[in-house]
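First the proteins, then the strands, lettered A, B, ... as listed; each starts at 1. Everything quoted here is computed from the prediction, not taken from an experiment.
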2 protein chains.
Amino acid sequence: MATLSDVAAEAGVSPTAVSRYLNNRIELPQATRDRIDAAIAKLDYRPNLLARRLSTGKAEAISLVTPDIANPFFAELAAAVERQAHERGYAVYISSTQGHADNEIDAIRRMADSHVDGLILTTNRVDDGTRAALLADRGNVVLLDEDIPGVSVPRIFVENEAGSYAATRHLIDMGHADIALIGGPPRLMSVTERLAGFSRAMEEAGLPIRPGWVLLGDYTREHGAAATSILLDSPSRPTAILACSDYIALGVGQAVRRQGLSIPEDLSLVGFDDMAFAELVHPALTTIRQPVGEMGRLAVTYLLALLEGQTPAPPPETRLPVELIARQSVAPPRHKAIS
Amino acid sequence: MATLSDVAAEAGVSPTAVSRYLNNRIELPQATRDRIDAAIAKLDYRPNLLARRLSTGKAEAISLVTPDIANPFFAELAAAVERQAHERGYAVYISSTQGHADNEIDAIRRMADSHVDGLILTTNRVDDGTRAALLADRGNVVLLDEDIPGVSVPRIFVENEAGSYAATRHLIDMGHADIALIGGPPRLMSVTERLAGFSRAMEEAGLPIRPGWVLLGDYTREHGAAATSILLDSPSRPTAILACSDYIALGVGQAVRRQGLSIPEDLSLVGFDDMAFAELVHPALTTIRQPVGEMGRLAVTYLLALLEGQTPAPPPETRLPVELIARQSVAPPRHKAIS
DNA sequence: TATCGTTAGTAAAGCGCTTTACATGATGAT
DNA sequence: ATCATCATGTAAAGCGCTTTACTAACGATA
């Protein structure tokens with residue numbers, strides 16, 4: 001690999017001149033420029049980014065930390081982040097933590113080690129304080145999708161409460177009164193909020209939330225299936241389930257089929273996320289769409305604003321709207337007519 | 001951030017001593033070790049990876065280049081690669097090229113710039129020679145899933161030919177004779193091979209491949225739908241379609257529904273890949289499963305063997321077996337009884 | 001002619017680490 | 001007492017780049 005000095009020697013100037021020329025920090029006469037350009041071409045020179053980073057302290061790269069890149073929701077988020085970052089001339093390093101807090105901590109460290117300029121962090125685990133401590137007062141982090149309480153960095157979330165409110169209303173409007181909720185990890189912001197929206201809609205409609213009909217656990221198919229089995233095995237079954245994620249909804253569908261029942265005839269189902277597969281499953285899943293592309297785009301925009309010290313500074317918290325996508329997994333309950 | 005020199009000063013030794021101690025390149029008496037350890041703890045020192053890399057020329061990181069991280073097939077591949085690489089102490093940088101050859105070239109360059117030690121490359125575009133030229137004679141690249149002809153690096157592919165042979169046989173065994181194939185980009189290795197397996201099975205069974213019934217295009221839903229419409233609009237329709245990817249199969253399903261027909265009653269369908277959604281769509285998709293986890297694992301193993309100059313060197317080409325997963329998208333053709 | 005301002009650069013330090021080659025003092029053998 | 005050896009380190013160069021501060025040469029101006 002040719003180095004800057006090689007180029008300088010070839011062009012008959014000092015390395016300084018070449019460096020400054022390449023960074024537009026000097027005006028050179030055409031003749032000199034031509035000689036340098038020729039030398040670069042001849043030697044096939046490309047700057048060593050590592051050296052440049054070490055020297056400048058800037059990486060022109062950001063890192064996206066995600067729980068699981070094989071999860072379509074995060075994969076799509078990643079694609080959106082990449083698109084926007086590349087547009088702004090930044091490279092993106094994606095790492096997926098497989099649910100291990102250690103990996104998340106590693107990624108945060110790596111950033112602190114000036115590996116990248118900033119970090120977009122998505123998580124799906126409740127913080128025990130470690131990550132909050134690591135992130136506190138950093139000027140180069142944006143939290144996306146899920147909160148880590150006690151960290152004062154820009155945050156981008158969706159209207160979780162409004163989303164599950166709309167989902168619940170949709171079920172109620174269809175005539176359902178016996179509605180259960182299957183959610184993710186307790187104390188996780190999205191879960192708390194989605195539960196709140198559910199509760200508000202139920203209360204407004206004068207409907208009770210039955211004891212044992214709010215089953216929090218994990219954002220997984222397995223939890224969805226297990227919780228559904230519990231619900232279906234109990235003496236009084238719900239006529240509808242609000243799943244706090246499409247993954248959970250998938251598990252619900254599985255368990256329902258295993259019992260020989262079918263959606264939406266025997267049970268109505270609403271998901272959350274609108275992952276790509278939601279319209280492909282049978283029956284197509286009614287769900288709450290998160291604006292994944294916009295979330296990724298905005299996260300990058302905010303992060304770069306932070307990094308480049310622009311005005312206006314990003315707001316401390318932004319909520320993106322969600323949207324009810326009505327498909328085929330919801331129908332009126334069997335034993336009740338639509339009003 | 002504390003530096004090595006800070007630690008050395010704090011511990012009352014030279015930076016050399018600290019560096020060598022941290023890299024196990026020196027034996028120090030317990031007392032000195034303790035002082036250094038204490039200094040590191042006190043200053044919360046962590047080595048600057050950039051500096052280390054610049055100095056050693058080793059990055060302890062590899063890069064995975066993928067056409068589209070939002071594609072579940074590549075997302076799962078990425079997850080597998082990450083898992084294995086982390087196990088071996090390497091970081092993984094994923095970049096997705098969004099189908100742009102430029103981005104692929106960038107990624108290759110970045111590696112050459114000693115950003116990472118090696119590269120696992122997956123592609124889905126036919127090479128025009130540029131990438132082959134860039135990769136020629138590199139000792140730190142592994143090709144995964146799809147070939148770039150003329151590059152002599154280790155390659156990991158699946159048994160494409162055997163896969164679509166099995167798929168076609170499965171259709172023939174069910175009584176189908178009128179089978180069409182919808183494939184990806186012409187001249188892409190996987191497409192050529194899958195077409196070959198299809199042809200072999202048809203020939204063996206004495207079945208003709210009708211003109212116009214092999215529709216190559218893209219590994220996309222859109223192509224699947226468009227090709228299917230053409231097939232369904234023609235006077236003589238196939239009774240079964242072999243789609244060269246699950247994405248294509250999705251498009252087939254869409255087009256079939258649009259015509260008011262249904263799978264498998266009116267048309268049988270086999271996909272390729274067994275992406276996560278394959279068992280979730282309606283009807284559940286019969287498809288050829290690729291061993292994604294094993295592919296990712298092996299790619300990392302081969303790459304690290306290359307990097308660390310181990311024996312045995314990885315074989316030039318490895319083929320992983322695929323497996324027919326029979327689900328509900330295949331049934332006997334309407335007008336024919338099963339023999 | 002002395003001064004000033006430009007133009008066209010350059011020397012050298014520094015980013016934080018590794019590594020090679022060498023140094024110092026204590027110990028043991030002769 | 002002397003020499004070799006070992007244990008315990010250290011000095012300094014170098015990875016490839018940026019950047020600050022400086023300068024040589026030249027023409028224009030007072």
Side-chain angles (χ1 to χ4, degrees), chain A residues 1-40 43-61 89 91 109-117, chain B residues 1-40 42-61 91 109-117:
Chain A
M1 285 291 309
T3 74
L4 190 74
S5 304
D6 297 338
V7 172
E10 176 75 26
V13 293
S14 72
T16 311
V18 179
S19 171
R20 299 183 61 190
Y21 167 58
L22 289 177
N23 293 293
N24 292 317
R25 281 184 173 22
I26 196 175
E27 292 279 302
L28 292 180
Q30 190 61 47
T32 312
R33 296 215 296 261
D34 289 346
R35 282 201 331 272
I36 295 179
D37 288 338
I40 288 176
L43 300 176
D44 187 26
Y45 167 78
R46 263 153 322 104
N48 179 321
L49 292 186
L50 246 35
R52 171 183 302 197
R53 286 179 189 186
L54 181 59
S55 189
T56 59
K58 302 259 109 215
E60 312 244 290
R109 287 248 153 81
R110 200 146 48 213
M111 173 202 61
D113 299 348
S114 77
H115 217 128
V116 297
D117 300 324
Chain B
M1 285 294 305
T3 73
L4 191 76
S5 303
D6 297 339
V7 171
E10 176 75 27
V13 293
S14 71
T16 311
V18 179
S19 170
R20 298 184 61 190
Y21 168 57
L22 290 177
N23 293 294
N24 293 316
R25 277 179 175 30
I26 196 175
E27 294 277 301
L28 291 181
Q30 190 60 46
T32 313
R33 297 215 296 261
D34 289 346
R35 280 193 344 264
I36 295 178
D37 288 338
I40 288 175
K42 177 172 173 195
L43 300 176
D44 188 26
Y45 168 77
R46 263 153 319 104
N48 180 320
L49 293 185
L50 245 36
R52 168 178 302 184
R53 286 179 189 185
L54 181 57
S55 189
T56 59
K58 301 258 107 216
E60 311 244 289
R109 286 247 153 83
R110 202 151 43 217
M111 175 203 60
D113 297 349
S114 77
H115 216 128
V116 296
D117 299 323

query = Once you round it to whole Å, what is the distance between P of dC17(D) and CZ of R53(B)?
reply = 17 Å

query = Rounded to the Å, how far apart are D6(A) CG and dC17(D) C1'?
reply = 13 Å

Contacts of [X] that satisfy side chain to side chain contact (heavy atoms under 4.5 Å, CB included) - sequence neighbours left out:
| X | value |
| --- | --- |
| R109(A) | I105(A), L134(A), R46(B) |
| D6(B) | A2(B), T3(B), L43(B) |
| T32(A) | V13(A), L28(A), P29(A), R35(A), I36(A) |
| A61(B) | R53(B), A59(B), A91(B), Y93(B), V116(B) |

ask   = Can you name the residues that form a side-chain hydrogen bond (donor to acceptor under 3.5 Å, both in side chains) with K58(A), not counting sequence neighbours?
value = none

request  = Go through the structure and list residues passing side-chain hydrogen bond (donor to acceptor under 3.5 Å, both in side chains) with R25(A), not counting sequence neighbours.
outcome  = none

Return the minimal non-hydrogen interatomic distance between [X] and [Y], and the atom names on each side.
| X | Y | answer |
| --- | --- | --- |
| P15(A) | A8(A) | N-CB, 3.4 Å |
| Y45(A) | L4(A) | CE1-N, 3.4 Å |
| I40(B) | L22(B) | CD1-CD2, 3.7 Å |

query = Which residue pairs pass the side-chain hydrogen bond (donor to acceptor under 3.5 Å, both in side chains) test with at least one member in residues 12-24 of chain A, sequence neighbours excluded?
reply = Y21(A)-D37(A)

message = Please report the end-to-end axis angle for the helix from dT1(C)-dA30(D) to dT30(C)-dA1(D), five pairs per end, rounded to 10 degrees.
response = 70°

task = Output the residues of residues 22-39 of chain A in contact with DNA chain D, where contact means a heavy atom of the residue under 4.0 Å from an atom of the strand; sort by number or write none.
result = N23(A), R25(A)

query = What distance do L49(B) atom CG and L54(A) atom CG have between them, rounded to the nearest 0.5 Å?
reply = 11.5 Å

With the criterion being N/O to N/O and under 3.5 Å, what pairs connect the protein with nucleotides 20-26 of chain D, and how long is each?
residue	atom	partner	partner atom	Å
dA21(D)	N6	R20(A)	NH1	3.2

task = Check whether any side-chain N or O of S19(B) sits under 4.0 Å from OP1 or OP2 of dC17(C), and answer yes or no.
result = no

Nucleotide N/O to protein N/O under 3.5 Å, stretch nucleotides 13-16 of chain C:
residue	atom	partner	partner atom	Å
dG14(C)	N2	S55(A)	OG	3.2
dG16(C)	N2	A51(B)	O	3.4

